Amino acid sequence: MNLQDIEAFVAVAETGSVNRAAVRLNLTQPATTRRIQNFEASMGDAPLFNRAVKPAVLTSLGNHVLEHCRRVLTAVAELEASTTKTADPAGDLKAGIAHGMGEMVLTTPLDALRRTFARIRLQVSSNWTSNLIKEVRSGALDCAVGLLTDAHTVPAGLTRLSLGADQVVIVAASKTPTRRSGTPWRLRDLASEGWLLNPPGCGCRAALVKAFDRLQLPLHIAAGSAASSGSAPGPPRRSPGAGNDSAHPPGDGKRRAYAACCGCGPT
DNA sequence: GGGCAGATGCGAACTGTTTA
DNA sequence: TAAACAGTTCGCATCTGCCC
């Protein structure tokens, strides 16, 4: 019996899946399976999981052992903390960055983090914010920097820290009448426009719909931009034709508005 | 019957021990 | 001290069996 086997057992029990446990442990599924097998063998081949069902579930003995294992891991963590209390944080830090935030996060803040905590090994990946939240929840990531709108929810158990606010820029065709200098645009002014939005599920889209609903204004959707692979919406097209959907080809004289969004992902 | 999660076979890499 | 060997752990590829 060793600590790694115990960690694997607890990970499988807590995630309910060997695959998810493997992600949390930074191992492959076969390696995780073998750790569980080793652990069961060290317990005298005691059946800790009922494998007759899929996914496997803990047996009553497994539940009993799980409580002991958690106490063991807690004790080990306390022991480690007692010896490293005065030292800088060290080890692997798996961080996720929302699509579109790379330039903002991967330069100065990350350099500062590396300089401040030299013993931390950073592993950075990029994804949609909603997927990042899932990965943090599953343990695949330690933390993530994302774009959250009012339409996003952060699951219980996760800590949310606001780093700042960003503006969603609405781009309209040049033929849209201009406002007098200094007079701000209001959503009411754009209610008659046709909107080009990311597909349903996009956080910015949901927030816009919510804002229109609040004002009891109609939202005319001219077209939704094509999503990338999967259900996650892609960022706004930056091709020369961006903002021009097939329903209203360039130069047709019809006014249109465009809500830009990059990185928030499905809610 | 297909999809998916878990189990297994096999080889590679790493680590610890033994011996010259 | 260095080479040889054994044991351990891992990942890739593939198989098995459950669930929908």
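These numbers come from a predicted model, not from an experiment. Proteins get letters first, then strands, A, B, ... in listed order; numbering begins at 1 in each. Just so you know, these numbers use all the heavy atoms, side chains as well, and skip hydrogens, waters and symmetry mates.
With sequence neighbours excluded, the residues satisfying salt bridge (Lys or Arg N to Asp or Glu O under 4.0 Å) with A:Glu40 are A:Arg51. Judged as a side-chain contact (heavy atoms from CB on, under 4.5 Å), and not counting sequence neighbours, the contacts of A:Glu67 are A:Arg70, A:Arg71. A:His220 meets the ring pair (Phe, Tyr, Trp, His ring centres under 6.0 Å) test with no other residue; sequence neighbours excluded. Evaluation of the side-chain contact (heavy atoms from CB on, under 4.5 Å) rule for A:Val136 yields A:Leu141, A:Ala144, A:Leu158 as partners, not counting sequence neighbours.
The ring pair (Phe, Tyr, Trp, His ring centres under 6.0 Å) pairs that include a residue from residues 20-41 of chain A are A:Phe9-A:Phe39, where partners are two or more places apart or lie in different chains.
Residue A:Ser17 places at least one side-chain N or O under 4.0 Å from the OP1 or OP2 atom of B:dG6.
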Can you pull every protein N or O that's under 3.5 Å from an N or O on nucleotides 7-12 of chain C?
from: C:dC10; atom 1: OP1; to: A:Arg35; atom 2: NH2; distance (Å): 2.2
from: C:dC10; atom 1: OP2; to: A:Arg35; atom 2: NH2; distance (Å): 3.1
from: C:dG11; atom 1: OP2; to: A:Thr28; atom 2: N; distance (Å): 3.0
from: C:dG11; atom 1: OP2; to: A:Thr28; atom 2: OG1; distance (Å): 2.7
from: C:dG11; atom 1: O6; to: A:Arg34; atom 2: NH1; distance (Å): 2.7

